[in-house]
Amino acid sequence: MSVQYWEEEMETLPRVGLESIQLRRLQHLVARVYRTVEPYRRKMEAVGLKPEDIKTLADLAKLPFTVKDDLRDNYPFGLFTVPLEQVVRVHASSGTTGKPTVVGYTAKDIETWSNVMARALVCAGASKGDMIHNAYGYGLFTGGLGAHYGIERLGATAIPVSGGNSKRQINIMRDFGSTVLLSTPSYALNLADAMDAMQVDPKSLSLRVGIFGAEPWSENMREEVERKLNLKATDIYGLSEVMGPGVAQECLLTERGMHIMEDHFLPEIIDPDTGEVLPPGEKGELVFTTLTKEAFPIIRYRTKDISRLYYEPCACGRTLVRMEKVTGRTDDMLIIRGVNVFPSQVEHVLMGIEGVEPHYLIVVEREGNLDTMQVQVEVSEGIFSDEIRVLENLSKQIQKEIKDLLGVTCRVKLVEPRTIQRSEGKAQRVIDKRKI
Ligand code: DLL
């Protein structure tokens, strides 16, 4: 299989060349935000830093971080660096806590985004001839439109189906011959269930590749999606504060990690407690600086996503650094009786157990002074009609494996197929009643 690129020169540039481009862009960016954005200037002044102090890429670490609260404090447009007349689009997060965060794009930003997204699609093995079924939500969420512009830039055919109405999605896949599926991994499983209910054999469809992201998913979930949808499942990463989908994408040859579009998004890994930059290969919080964005550039944005960076060459020939699959966030980490628990770890256990479906909910409560964790999970069709002993054993097995991996004793509630609420976008995996 020959490797295809979208912007070959940039994607395969030797690292010295890449780093010199990064430095030039960084210096330009810092000078611009210092000049045009009051909150950035104030933060730099507070640590006695001037744009000309950025002399090497290592000087990036001298710059103050940006956090989600900075966006909220400057709601809605306070961090934009261009007049609103130059902003051709805005996106916003739903804002589960507090005000939503708003991001903006100039025409050139949309151009850049379309290109990095086209790169991501090609990186996942898509090409001009593909029928690309885009089930990311269209609207203020960056998923739908972000991917859409990349598909058109690539010259493939976009099917802008958005999320929801699984039955119609499957009819479209069958009738239009969708070859590439873009959706959250949880919605992909939802589609697999719907196919099953409609008695549509995935092998009768033309799906070849899935480009799944916007939420964490485990390796076991990958296997599950690949098996149930009969396609190759790849991971795509992005966040609205930095751009949207297309910040990083897994290639078909990599054994680990997604290539970061590093000439546009400069990554660092920091210790989330001290803020110190960690050496390559170490696990920590991912931080991004945008190098080319005009309307809403961001400096050292703390993503709260946990990952690590691999600088070793990749078999696909791309020199762009790879980031490990995001295994959790510094802020979705649950602390249960003193133990750190990531929902993705619970998922990992569940996906490895026979008879269990990939639909689950973690409910955390406080009883007296004690935190309790209940894991509700759907069991496969047929198991419910089996003897009670089978169910009891299954519960015990789940409880034991979670205890072994995480050191936490949980209660397990097995529920019937299709009883846990399905998502059309990001799945809600945790109900933490301690916070309500
Ligand atoms: O989720 C952008 C996106 C759309 C990415 C479609 C991929 C595909 P936000 O709504 O701003 O943007 O959410 C960003 O979602 O900080 C991660 O915590 C999580 N996330 C995104 N992609 C992945 C992934 C979009 N592949 C937040 N794996 C990020 C794990 C992911 N988590």
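As the structure lists them, so they are numbered: ligands from 1, and atoms in each ligand from 1.
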Distance-only N or O hit between ligand 1 and Gly143, under 3.5 Å: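 For ligand 1, there is no N or O atom that lies under 3.5 Å from one belonging to Gly143.
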Electrostatic pair [X]:[Y] at N-O distance under 4.0 angstrom:
| X | Y | answer |
| --- | --- | --- |
| Asp271 | Lys283 | no |
| Arg256 | Glu219 | no |
| Glu378 | Arg418 | no |

With atoms numbered from 1 as shown, which atoms in ligand 1 lie under 4.0 angstrom from a non-hydrogen atom of [X]?
| X | value |
| --- | --- |
| Tyr136 | 6 (C), 8 (C) |
| Val326 | 30 (C) |
| Ser240 | 9 (P), 11 (O), 12 (O) |
| Gly213 | 7 (C), 8 (C), 26 (N) |

Test item, Lys426 contacting ligand 1 (heavy atom, 4.0 angstrom):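 Yes, that is the case, since the closest heavy atom of the residue is under 4.0 Å from the ligand.
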Nearest protein heavy-atom contact for [atom]: which residue, which atom, what distance?
| atom | value |
| --- | --- |
| atom 26 (N) of ligand 1 | Ile236 O, 2.6 Å |
| atom 29 (C) of ligand 1 | Asp305 OD2, 3.2 Å |
| atom 25 (C) of ligand 1 | Gly238 O, 3.5 Å |
| atom 23 (C) of ligand 1 | Ala214 N, 3.4 Å |
| atom 31 (C) of ligand 1 | Glu215 N, 3.6 Å |

Donor-acceptor contact present, side-chain Glu215 to main-chain Ser186, <3.5 Å: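 Looks like yes, one N/O pair under 3.5 Å.
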Within-4.5 Å side-chain heavy-atom neighbours: Gln428 and Ile431: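 Side chain of Gln428 against side chain of Ile431, heavy atoms only: contact under 4.5 Å found.
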Gln86-Thr106 side chain donor-acceptor pair, cut-off 3.5 Å: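 No, because no side-chain N or O of Gln86 sits under 3.5 Å from a partner of the opposite role on Thr106.
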No-hydrogen, no-angle side-chain donor-acceptor test under 3.5 Å, Ser423 and Gln421: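 No, because no side-chain N or O of Ser423 sits under 3.5 Å from a partner of the opposite role on Gln421.
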Geometric cation-pi criterion, Arg89 with Tyr149: 6.0 Å, 45°: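 Geometry flag: set, cation within 6.0 Å and 45°.
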cation_pi(Arg318, Tyr5) dist<6.0 Å, angle<=45: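 No.
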Minimum non-hydrogen distance to atom 14 (C) of ligand 1, winning option of Val242, Val247, Thr303, Leu239: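 Considering heavy atoms of Val242, Val247, Thr303, Leu239, the nearest to atom 14 (C) of ligand 1 sits in Leu239.
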Residue portion contacting ligand 1 (non-hydrogen atoms closer than 4.0 Å) for Thr142: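 The answer is the side chain of Thr142.
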